[in-house]
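Data block below; observations after.
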Amino acid sequence: MASDLFERIKVDKGPLGKWADKAEGYYVFPKLEGPISNRMSFNGKKVVTWSINDYLGLANHPEILKVDGEAAMEHGMAYPMGARMMSGHTPLHEQLERECAEFVNKEKAYLLNFGYQGIMSAIDALVTKNDVIVYDIDTHACIIDGVRLHAGKRFVYRHNDMESFEKNIKRAKKMADKTGGGILVISEGVFGMRGEQGRLKEIVSFKEEYGFRLLVDDAHGFGTLGEGGRGTGFEQGVQDEIDVYFATFAKSMAGIGAFLAGDKDVIQFLQYNLRSQMFAKSLPMAMVKGALKRLDMIRTMPELKEKLWENTNALQSGLRNAGFDLGTTQTCITPVFLKGDIPEAMAMVNDLRENHGIFCSIVVYPVIPKGLIILRLIPTASHTQEDIDETITAFSAIREKLENGTYKRIAAQMV
């Protein structure tokens, strides 16, 4: 007998949703206020902010604010109306695509109004039921959702594990030989949770033998890695081997939108087959003009990336010298690994924010295994050495409380 769909939802709110009454507005859906910067307001207090992906400090740069404001005044937020295919196409959209393609050394690029839905739709468009997908288990949720759309076979390999990759690419080749399809391998340039680069150089060494195509999500590598901030492919010397390159404007560019880049025939195919773009409104002109300005600043102001890495190296070396485990990060993303359960993590983060004035993202189960806590810090070009010193001092203090059971006792009173 059928049941009410919502009965299940009332009983099982999900691994994070069950904490909503205690967590919402503070631990999840927090309200940071004021100009995007190294220090913002939270819960009525100024805090050092380590959870904003404004890598290059462009969000409130005076030149950016000027261009954004003038573009919004001239065009509003509606123009151009409609999807690109029907009525939302302009010469400036084409100019941004040309400049993005040139920047990442690809033949052609195509703008996306949002990165998440764009890469989902790209995966859906690139493969048929006869094709096989091979992907890293730690890829972002947008990739996982794209893979879920695939009607054919998919194989997942252990994170950055080349033995597991080889095993699964062999399985994929055997399957593709039967179906007559092709193989799409998907990796991230930078894995956003742990800060590790994808092992792109090792992956492409298998291309000749297995004949697959490679899609790379470089959301966190674009602007932060490689010569001139051109991304992880340049950092590892394999950009030419990446068949479809994806980057978002939401990180280093401090904006909205994204793009795909590759050979002309592939990108043109995606232009005419990406459902999330064919049936969705075009990127507003204010965003396009803003992205053009941001890209120009990345090209012409190398000091932005240099300052980002100066702060990154100072933060990471300081934390490591203080005895913290940062895993194997090779990028600006700075995960601090601690041990504890979700209530302990909540008590610890409350202390960190209220008593030490430090705001960073907290990552717990189900994103990572039970018993593990990640405090995830995103250094930017806007941070100062004072911010870094205060943070290391605060982290040392909360680690001591975590280890001596203080947060466990506090957590017991919270439950």
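Keep in mind the model is a prediction, meaning the values are calculated, not measured. Both backbone and side-chain heavy atoms feed into the values below; hydrogens, waters and symmetry mates do not.
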Backbone N or O of R8 within a donor-acceptor pair of the D12 side chain at under 3.5 Å? no

M301 side, atom CE; K307 side, atom NZ - distance, nearest 0.5 Å: 13.5 Å

Tell me whether the count of non-hydrogen atoms from other residues, nucleotides or ligands lying under 6.0 Å of CD in E303 goes above 12. yes

Can you tell whether the side chains of K108 and E97 come within less than 4.0 Å, N to carboxylate O? no

Hey, does L315 have a side-chain heavy atom less than 4.5 Å from the side chain of D387? no

Using a 4.5 Å cut-off on heavy atoms from C-beta on, say whether the side chain of L319 contacts that of L326. yes

Residues at least two apart in sequence or cross-chain that pass side chain to side chain donor-acceptor pair (under 3.5 Å) with H75, listed by chain then number, are K289

Can you confirm whether V147 sits close enough to I144 that some side-chain heavy atom of one is under 4.5 Å from a side-chain heavy atom of the other? no

Checking the side chain of K173 only, and the main-chain atoms of E209 only, is there a donor and an acceptor separated by less than 3.5 Å? no

So, is the end of the R230 side chain (NZ or CZ) under 6.0 Å from the ring centre of F222 and within 45° of the ring's axis? no

Test of understanding: with ring pair (Phe, Tyr, Trp, His ring centres under 6.0 Å), list the residues that count as partners of F155, not counting sequence neighbours. none

If you draw the axis of the six-membered ring of F42, does the NZ or CZ of R353 fall within 45° of it and under 6.0 Å from the ring centre? yes

What verdict does the side chain to side chain donor-acceptor pair (under 3.5 Å) test give for E400 and N404, after you've listed the backbone C-alpha separation in whole Å, the side-chain angles of each residue and the deciding distance to 0.1 Å? CA-CA 6 Å; E400 182 178 349; N404 68 24; 4.7 Å; no

Could you tell me if E354 and Y26 have a donor-acceptor pair between their side chains, going purely by distance under 3.5 Å? yes

Using the rule given for ring pair (Phe, Tyr, Trp, His ring centres under 6.0 Å), can you reason through F206 versus F165, listing the C-alpha separation, both sets of side-chain angles and the distance that settles it, and then say yes or no? CA-CA 10 Å; F206 290 90; F165 174 80; 5.4 Å; yes

Any side-chain donor near an acceptor of the partner, S282 and H93, under 3.5 Å: yes

Is the closest side-chain donor-acceptor distance between D136 and S187 under 3.5 Å? no

State the CG-CD distance between D161 and E166, to the nearest 0.5 angstrom. 10.5 Å

N/O donor-acceptor pair under 3.5 Å between K251 side chain and G223 backbone: no

Can we say E102 and R98 salt-bridge, meaning some charged N sits less than 4.0 Å from an Asp/Glu carboxylate O? no

Is the closest side-chain heavy-atom distance between S276 and M120 below 4.5 Å? no

Nearest-0.5 Å distance, CG of residue L96 to NZ of residue K293: 14.5 Å

Will you find, in the side chains of T328 and E196, an N or O donor that is under 3.5 Å from an N or O acceptor? yes

When every non-hydrogen atom of L260 is compared with those of V244, the smallest separation belongs to CD2-CG1, 3.9 Å

What do you reckon, is CZ of F234 surrounded by more than 12 foreign heavy atoms closer than 6.0 Å? yes

For the student: nearest non-hydrogen atoms of S87 and G82, plus distance: OG-CA, 3.5 Å

All heavy atoms of I267 vs all of A109, minimum pair found to be CG2-C, 3.8 Å

Salt bridge present between K207 and D243 (N-O < 4.0 angstrom): yes

Answer yes if the side chains of Y116 and D145 hold a donor-acceptor pair under 3.5 Å, and no otherwise. yes

With a sphere of 6.0 Å drawn around CG of D21, does it hold more than 12 non-hydrogen atoms of other residues, nucleotides or ligands? no

Is a salt bridge present between K339 and E344, judged by a nitrogen-to-oxygen distance below 4.0 Å? no

Does a side-chain N-to-carboxylate-O contact under 4.0 Å join R299 and D296? yes

Begin with the C-alpha distance, continue with both residues' side-chain angles, and end with the deciding distance and a verdict on side chain to side chain donor-acceptor pair (under 3.5 Å) for H220 and E188. CA-CA 9 Å; H220 291 275; E188 294 192 47; 5.8 Å; no

Is the shortest distance from a Lys or Arg side-chain nitrogen in E63 or R294 to a carboxylate oxygen in the other one below 4.0 Å? no

Within this structure, what is the CG-OH distance for the pair L225 and Y55, rounded to the nearest 0.5 Å? 9.0 Å

Show the nearest heavy-atom pair for residues R376 and N53, with the distance to one decimal. NH2-OD1, 4.4 Å

Less than 4.0 Å between a side-chain N and a carboxylate O, is that true for D341 and K370? no

Please check: side-chain N/O of Q197 versus main-chain N/O of G189, any donor-acceptor pairing under 3.5 Å? no

Taking all non-hydrogen atoms of both residues into account, name the closest pair between C100 and L295 and its distance. N-CD2, 4.0 Å

Does NZ in K153 sit with more than 12 non-hydrogen atoms of other residues, nucleotides or ligands closer than 6.0 Å? no

Hey, would you say the F259 and F246 ring centroids sit under 6.0 Å apart? no

d(E163 CD, N168 CG) to nearest 0.5 Å is 11.0 Å

Hey, is R275 close enough to D124 for a salt bridge, meaning N to O under 4.0 Å? no

Between I203 and M162, is any pair of side-chain heavy atoms under 4.5 Å apart? yes

E390/R39 ion pair, N-O < 4.0 Å: yes

Take atom CG in L32; do more than 12 heavy atoms of anything else shown fall under 6.0 Å from it? yes

Find out whether T179 and M175 are in side-chain contact, i.e. whether some heavy atom of one side chain is under 4.5 Å from a heavy atom of the other. yes

Taking every non-hydrogen atom, the tightest pair across T248 and G257: OG1-O, 3.2 Å

Between T329 (side chain) and G195 (backbone), is there a donor-acceptor pair under 3.5 Å? yes

Quick check: are there more than 12 heavy atoms from other residues, nucleotides or ligands sitting under 6.0 Å from CZ of R154? yes

Please list all pairs passing the ring-ring contact (aromatic ring centres under 6.0 Å, His included) test where one or both residues lie in residues 369-391, with sequence neighbours left out. W50-H383

d(D325 CG, R320 CZ) to nearest 0.5 Å is 8.5 Å

Is there side-chain contact between Y272 and M85, with heavy atoms separated by less than 4.5 Å? yes

N/O donor-acceptor pair under 3.5 Å between N350 side chain and M346 backbone: no

Quick one: does L375's side chain get under 4.5 Å of I398's, heavy atoms only? yes

